[in-house]
Amino acid sequence: MNRVPPAIIILGQNSLAIAQTISTVFPGSQIYGLADRTSDTNITFSNFGETLRELFATETPIIAICAAGIIIRTLAPLLSDKRAEPPVLAVAEDGSAVVPLLGGLHGVNDLAREIAAALGVQPAITTTGDIRFRTALLSPPQGYYLANPEDAKTFISNLLAGAKVRLEGAANWLSESNLPLAPAAQLTIRVTEKAIVPTADCLLYHPQIAAFALTNLSDVEPETAISYVQQILENADLAAASVAGFFALKHEMGNPTLAAISQFFKVPVRFLNLPELVEFDTVKLIQYNSSFDVTAAQIGLTAAGANSQVVSYDRTNAFNYAIALATAPIDPSAIGVSRGKLAIVGTGPGGAAWMSPEVKEILRQATDWVGYKFYLDLAGTLREGQNRHDSDNREEIDRARFALDLAASGKSVAVVSSGDPGIFAMAAAVFEAIDFDSKPEWQGIDIRVAPGISAMQAAAAAIGAPLGHDFCVISLSDILKPWEVIEQRISAAAKADFAIAFYNPISTQRKWQLKRAIEILLETRDANTPVVLGRNLGRSGQSVRVCTLGELQPEDADMRTLVIVGSSQTRIIPRKFGDVWVYTPRRYENDSK
């Protein structure tokens with residue numbers, strides 16, 4: 001079953017080996033290392049408290065390899081509702097102790113046992129019920145939902161005081177535990193998919209065994225569709241918590257009604273192709289209903305697997321549906337595919353320190369990274385299970401098509417650009433491919449653009465504020481547009497007195513363009529105009545140099561250089577020890593009088 005991968009926190013390099021051992025237990029986990037004290041981690045951080053609190057607030061399980069006290073002091077101000085607390089554990093630096101601290105309702109003791117088994121030690125579990133009964137009634141395993149956790153504390157207290165309990169329904173994790181089972185006991189644990197009202201003397205667990213199939217969705221509003229689903233479950237006497245997932249055909253991928261249903265019921269939507277559907281004898285029994293699309297029953301039975309049965313089927317005013325019940329909890333992640341995701345991200349001009357938290361999270365969650373090799377190297381290391389797809393820097397459209405096809409197959413894809421992906425980068429390439437190819441399977445992909453710090457922003461920030469007033473951005477590459485157009489834009493920008501940021505100023509194959517750009521600028525702009533040359537911004541060998549337009553030579557730049565030419569108002573401020581600041585005032589000199 002799917003669960004949120006934990007964040008493994010280390011404060012020193014000595015903890016890395018233990019962290020790597022733990023990470024192998026939890027696919028998708030990320031190792032967070034304290035900056036300047038660790039290396040070879042997935043993510044670096046500089047503030048322990050802020051990082052821990054941010055992870056806690058997003059309900060990310062936390063495994064911190066450090067003293068328990070610092071974790072408690074850090075998270076104490078956030079503790080208010082134990083039902084919302086993610087698992088939090090402390091692990092000794094040498095791996096000799098595993099201590100669950102928070103998240104008893106979300107399986108922290110199970111996590112502790114898994115970590116301890118990997119490290120070859122005993123977990124320091126102190127929860128009396130877990131120790132005595134060898135099961136966690138408050139945090140059932142994946143595939144089961146406790147309907148009345150508010151009754152559990154008193155219920156468990158009664159068991160610890162000597163009361164017996166009878167078990168109604170089947171669940172190995174309960175029948176194979178050390179619970180004091182007795183057929184005539186007054187306390188009851190009931191396992192059922194039925195929608196019944198729990199009582200204080202009965203703990204009610206719903207197994208997620210229902211596959212809810214939907215086909216032929218029309219333009220029904222999401223709120224109406226949710227009401228239909230609620231009514232269908234009520235009519236079938238099924239608890240909403242027994243639904244493991246909603247299932248549909250791939251051509252419905254991206255349908256906002258499906259997304260709304262999934263969000264409301266907090267279970268995933270999975271998509272199948274027609275050829276993947278299995279023929280069942282049960283389906284033939286319901287084909288008499290001419291208004292019902294038998295495909296819905298096939299989808300439900302395919303999702304529920306062997307020995308399943310359709311318990312409800314019909315057509316609403318909006319869609320066909322069928323509900324099939326399996327004999328054991330369903331793992332929806334093993335059936336069909338999820339809605340494909342494509343995120344075009346900007347990593348900034350340098351490494352991890354330049355990336356936004358949004359970009360870091362996208363890279364962590366993605367199944368596949370796609371990009372130019374150099375930019376993928378800047379993005380960092382992959383976690384276990386992720387795939388990397390390198391390509392040449394000139395293959396933008398082919399790279400975009402490849403990424404879109406990957407996402408259409410149900411993958412979560414990150415297309416990686418340096419700087420900002422919307423500035424001379426991959427975001428435009430992706431949308432160009434969508435626009436001109438018009439492949440139907442791409443229409444259902446969840447596409448987003450995650451911005452990054454651009455090279456012009458980095459160069460400007462390193463020297464002051466040369467882009468402090470109106471500015472424009474021009475690429476000197478004539479690979480994708482005629483040079484005549486570039487000349488027109490340089491001339492127009494110069495006459496309009498914009499500060500200008502030049503991308504792609506020169507390369508091994510393009511030697512003359514920057515020289516010509518300088519000539520055009522000098523036709524209207526003073527030779528003393530400040531120029532900023534930023535190279536390898538945010539990377540090893542970064543340099544930022546200031547000269548004048550009259551001094552600027554083509555050999556001063558290369559493809560890793562960002563050139564900013566100031567406006568008539570741009571000024572240089574000398575600094576005490578020889579350096580300078582460069583800025584463009586926010587108002588024109590003749591407006592400030």
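Treat the numbers as computed from the prediction; the structure is a model and nothing was measured. For the single chain, residues carry numbers from 1 onward in sequence order.
- For the pair Tyr205 (side chain) and Leu137 (backbone), a donor-acceptor distance under 3.5 Å is present.
- Side chain of Asn255 to main chain of Thr257: a donor-acceptor pair is present (N/O by atom type, distance under 3.5 Å, no hydrogens or angles).
- For residues 139-158, no residue pair satisfies the salt bridge (Lys or Arg N to Asp or Glu O under 4.0 Å) rule, not counting sequence neighbours.
- Under a 3.5 Å cut-off, the side chain of Ser96 and the backbone N or O of Ala92 do not form any donor-acceptor pair.
- Applying side chain to side chain contact (heavy atoms under 4.5 Å, CB included) to Glu85 and the options Leu78, Leu79, Leu75, Val108 leaves one that passes, Leu79.
- Phe212 is linked by a ring-ring contact (aromatic ring centres under 6.0 Å, His included) to Phe246, counting only residues two or more places apart in sequence or in another chain.
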(message) Could you walk me through whether Phe402 and His389 satisfy the ring-ring contact (aromatic ring centres under 6.0 Å, His included) test, starting with their C-alpha distance in whole Å, then the side-chain angles of each, then the deciding distance to 0.1 Å, before giving a yes or no?
(response) CA-CA 9 Å; Phe402 174 79; His389 310 274; 5.0 Å; yes
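- Asn216 pairs by the side-chain hydrogen bond (donor to acceptor under 3.5 Å, both in side chains) definition with Asp293, not counting sequence neighbours.
- Atom-to-atom distance recorded for Ile330:CD1 and Ser308:OG is 8.0 Å, nearest 0.5 angstrom.
- Around the CD atom of Glu168, the shell of radius 6.0 Å holds more than 12 heavy atoms that belong to other residues, nucleotides or ligands.
- In this structure, a donor-acceptor pair under 3.5 Å is present between the side chains of Asn317 and Tyr228.
- Other residues, nucleotides and ligands place more than 12 heavy atoms under 6.0 Å from the NZ atom of Lys250.
- Atom CZ of Arg53 sits about 7.0 Å away from atom CG of Asn47, to the nearest 0.5 Å.
- Crowding of Lys341 atom NZ: a count of heavy atoms from other residues, nucleotides or ligands under 6.0 Å not exceeding 12.
- Listed by chain and number, the residues in a salt bridge (charged side-chain N to carboxylate O under 4.0 Å, His left out) with Arg388 are Asp377, Asp390 (sequence neighbours excluded).
- At most 12 non-hydrogen atoms from other residues, nucleotides or ligands lie less than 6.0 angstrom from CG of Asp219.
- The local environment of CD in Gln263 is sparse, with at most 12 non-hydrogen atoms from other residues, nucleotides or ligands closer than 6.0 Å.
- At least one donor-acceptor pair under 3.5 Å links the side chain of Thr367 to the backbone N or O of Ser412.
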Could you go through residues 179-190 and list every donor-acceptor pair under 3.5 Å that involves a side-chain atom there, pairing it with any protein atom two or more places apart or in another chain?
residue: Thr188; atom: OG1; partner: Arg166; partner atom: NH1; Å: 3.4
residue: Thr188; atom: OG1; partner: Arg166; partner atom: NH2; Å: 3.3

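- Residue pairs meeting the salt bridge (Lys or Arg N to Asp or Glu O under 4.0 Å) criterion with at least one partner in residues 222-238, sequence neighbours excluded, do not occur; the list is empty.
- For the atom pair Phe247 CZ and Leu214 CG, the distance stands at 10.5 Å (nearest 0.5 Å).
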